[in-house]
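Take a look at the structure below.
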Amino acid sequence: MKATIFGAGNIGRGLVGYVLERAGYDLHFVDVNEHLVAALVEAGSYRVTTDAGESHTVQVAGAVSARDDDAVVAAVAGSDVIATAVGAAILPIVAEPIANGLLASTVSDVNVIACENMHPNSEVLGERVADKGGAEAGDRAGFPDVVVDRIIPGDPPAGEDIDLDLEVETHFEFLVESGPWRGPRPNTADLTFVDDLDPFRKRKLWLVNGLHAAAAWLGLQSGHEYIDQAVADPAISSKLEEMASTMVAVLAAQHPFMDKDDLANYARVSLSRFGNGAMPDPCARVARNPLVKLGPDERILASALAADDLGLDVLGHAAAICAALRLDGDTTEGAADLASAVAADGWSSLLAGFGVTADSKLMNTIRECIEMEETQTAAVSVEVAIKNPSGLHARPAAMVVEKAKTLDADISIQKGEKKANAKSIMSVLTLGASHGDVIHITADGPDAQTAVDFITDLMNQTEEES
């Protein structure tokens with residue numbers, strides 16, 4: 001049996017390839033990164049190591065460049081399973097070579113699975129394949145939707161110096177919709193076939209993706225760099241637990257076959273996974289694209305709207321949404337899009353467009369959260385010419401970060417176009433602020449003045465004083 005995977009990044013290798021190779025498929029990859037393709041061909045394998053110390057060597061039968069149309073079509077044409085791990089936005093692009101490969105295929109039972117964080121996923125890909133290759137291409141394969149889940153920190157390989165090996169969490173989930181699957185099912189416990197995927201998709205979207213995004217947004221708001229640090233913060237963990245409890249109640253009400261205790265345990269496991277310090281995951285990575293993640297059918301608002309309809313507590317959800325609205329567009333990918341949308345119509349109009357009614361408990365709770373934050377904060381800003389001979393490097397940078405983490409304030413330092421979070425040592429050091437440079441210090445929160453005074457005094461120290 002042969003499987004071809006579009007996308008050899010972390011999820012493609014660390015989950016999709018890992019599962020399919022263990023299920024007995026000869027593994028072939030397609031990727032636009034030609035350095036990555038060459039590395040896979042040369043190595044012929046890569047190692048996946050879990051946080052429990054278990055290691056599995058994944059054998060790679062082949063890899064081709066996505067730019068080599070003939071090679072891609074040939075790979076698809078000989079495959080029993082075609083999978084994607086490229087991101088939802090790329091599905092229309094990969095649909096054409098998949099359609100052409102299916103039209104050339106002589107394999108009797110073919111299945112195409114889109115391992116993307118969207119719903120429906122494979123069904124949508126099937127529609128795109130039919131658009132590109134006609135009904136015949138669409139009829140050549142089954143397109144069962146899937147739900148996949150595994151935390152794999154870090155960025156996909158880039159450049160010529162590529163390490164194919166991965167460190168992943170032990171936990172993973174790979175659910176497949178039974179009905180559209182064609183032919184025999186793979187003989188593996190790694191794949192779970194279910195008749196109705198939607199309740200499980202919602203469970204994962206809310207109790208994994210939703211809590212993960214909330215932890216990232218709240219973490220950044222409190223100055224944490226990594227998800228495990230955010231989850232360990234009592235003020236944040238209490239909000240996440242409130243969210244989880246509400247989500248569990250909604251899921252149990254909507255899907256009575258789901259045991260409430262099992263759902264609560266699923267949520268606890270999710271929060272435990274996020275708190276795994278052995279798998280450090282940057283808040284900035286998880287917080288990306290908040291405007292999309294705040295959509296009405298997405299991980300936060302879908303559960304909040306349903307909870308509101310049932311009269312359940314939405315305080316945890318409101319806190320997460322408030323944190324998302326405060327994200328820094330300069331440091332969080334996609335946050336500028338959310339800020340622009342809010343600037344155009346106001347946050348309440350934006351949320352109203354997503355289905356939050358003006359007089360609802362949810363809207364009022366979000367409003368109270370925002371008003372409370374506004375009354376508790378006082379922004380302070382100052383411009384300083386650095387007199388400290390060490391500038392904002394080494395010991396002074398460490399002192400700034402150490403102090404900032406003890407203060408209840410959002411603190412930023414800007415030099416020219418570069419802006420740094422004062423609670424992140426890497427962020428501060430990337431400013432490259434030296435003796436004689438001018439920096440802008442801005443703090444927002446109850447301890448704002450204390451923060452500005454401390455950094456200003458440190459930057460004004462002379463050689464004798466420092």
Side-chain angles (χ1 to χ4, degrees), residues 151 153-155 208-240 242-243 270-271 274-277 279-294 298-301 316-342 347 366 369-370 372-374 376-377 379 400-414 418-431 441-448 451:
I151 295 175
D155 295 319
V208 179
N209 302 109
L211 294 176
H212 210 198
W217 296 340
L218 291 164
L220 288 175
Q221 183 182 41
S222 296
H224 297 297
E225 192 166 357
Y226 293 99
I227 293 291
D228 62 293
Q229 297 168 344
V231 174
D233 185 328
I236 295 176
S237 65
S238 64
K239 294 180 176 68
L240 296 176
E242 288 175 358
M243 282 187 68
S270 292
L271 294 175
F274 304 156
N276 183 357
M279 302 291 294
D281 202 2
C283 289
R285 185 194 75 82
V286 182
R288 293 178 297 189
N289 303 318
L291 182 58
V292 174
K293 292 173 180 174
L294 282 176
E298 265 287 348
R299 61 209 71 195
I300 303 293
L301 267 187
H317 285 80
I321 292 167
C322 287
L325 293 171
R326 288 170 58 89
L327 288 172
D328 187 343
D330 292 333
T331 58
T332 303
E333 181 182 336
D337 295 332
L338 175 58
S340 296
V342 170
W347 66 265
I366 296 170
C369 177
I370 290 175
M372 183 179 299
E373 288 184 355
E374 289 176 346
Q376 289 179 345
T377 60
V400 166
V401 173
E402 183 179 357
K403 180 67 173 179
K405 286 183 176 180
T406 70
L407 301 177
D408 185 7
D410 295 328
I411 311 162
S412 65
I413 305 172
Q414 186 165 351
K418 293 183 178 180
K419 189 175 183 181
N421 177 356
K423 297 183 181 182
S424 166
I425 187 65
M426 293 304 298
S427 185
V428 171
L429 290 175
T430 57
L431 286 175
I441 308 164
T442 302
D444 189 3
D447 295 333

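When a residue number appears, it is its place in the shown sequence, counting from 1.
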With side chains defined as the heavy atoms from C-beta onward, is the minimum distance between W217 and I300 less than 4.5 Å?
yes
Nearest 0.5 Å please: distance from the CG atom of L271 over to the CG atom of L240.
6.0 Å
Value for CD1 (I236) from CD (Q221), rounded to nearest 0.5 Å, stands at 8.0 Å
For A404 versus A422, what's the shortest heavy-atom pair and its separation?
CB-O, 3.5 Å
Is any side-chain heavy atom of D281 closer than 4.5 Å to one of F274?
no
Under the 3.5 angstrom rule, does the side chain of S427 hit a backbone N or O of N421 as a donor-acceptor pair?
yes
Specify the closest pair of heavy atoms between A335 and L327, including all atoms of both residues, with the distance to one decimal.
CB-CB, 3.9 Å
So NZ of K293 and CD of E298: to nearest 0.5 Å the spacing works out to 8.5 Å
Heavy-atom pair with the smallest gap, counting every atom of V342 and W347
CG1-N, 3.7 Å
Nearest 0.5 Å, what's the NZ-SG distance between K239 and C369?
8.0 Å
Say you draw a straight line from OG of S424 to CD1 of I413; how long is it, rounded to the nearest 0.5 Å?
10.5 Å
If you take all heavy atoms of I370 and C322, which pair is closest and at what distance?
CG1-SG, 3.5 Å
To check you understand the geometry: which heavy-atom pair defines the closest contact between E225 and Q229, and what is its length?
N-OE1, 3.1 Å
One should read off an interatomic distance between D328 CG and D410 CG, to the nearest 0.5 angstrom, of 9.0 Å
P290 and its side chain to side chain contact (heavy atoms under 4.5 Å, CB included) partner, picked from I321, D337, L338
L338
Is there side-chain contact between T430 and K418, with at least one heavy-atom pair below 4.5 Å?
no
Please report the shortest heavy-atom distance between A287 and L220, naming the atom on each side.
CB-CD1, 3.6 Å
Just by modelled atom types, is the L407 backbone N or O under 3.5 Å from a matching donor or acceptor in the K423 side chain?
yes
Are the side chain of R326 and the backbone of A323 linked by a donor-acceptor contact shorter than 3.5 Å?
no
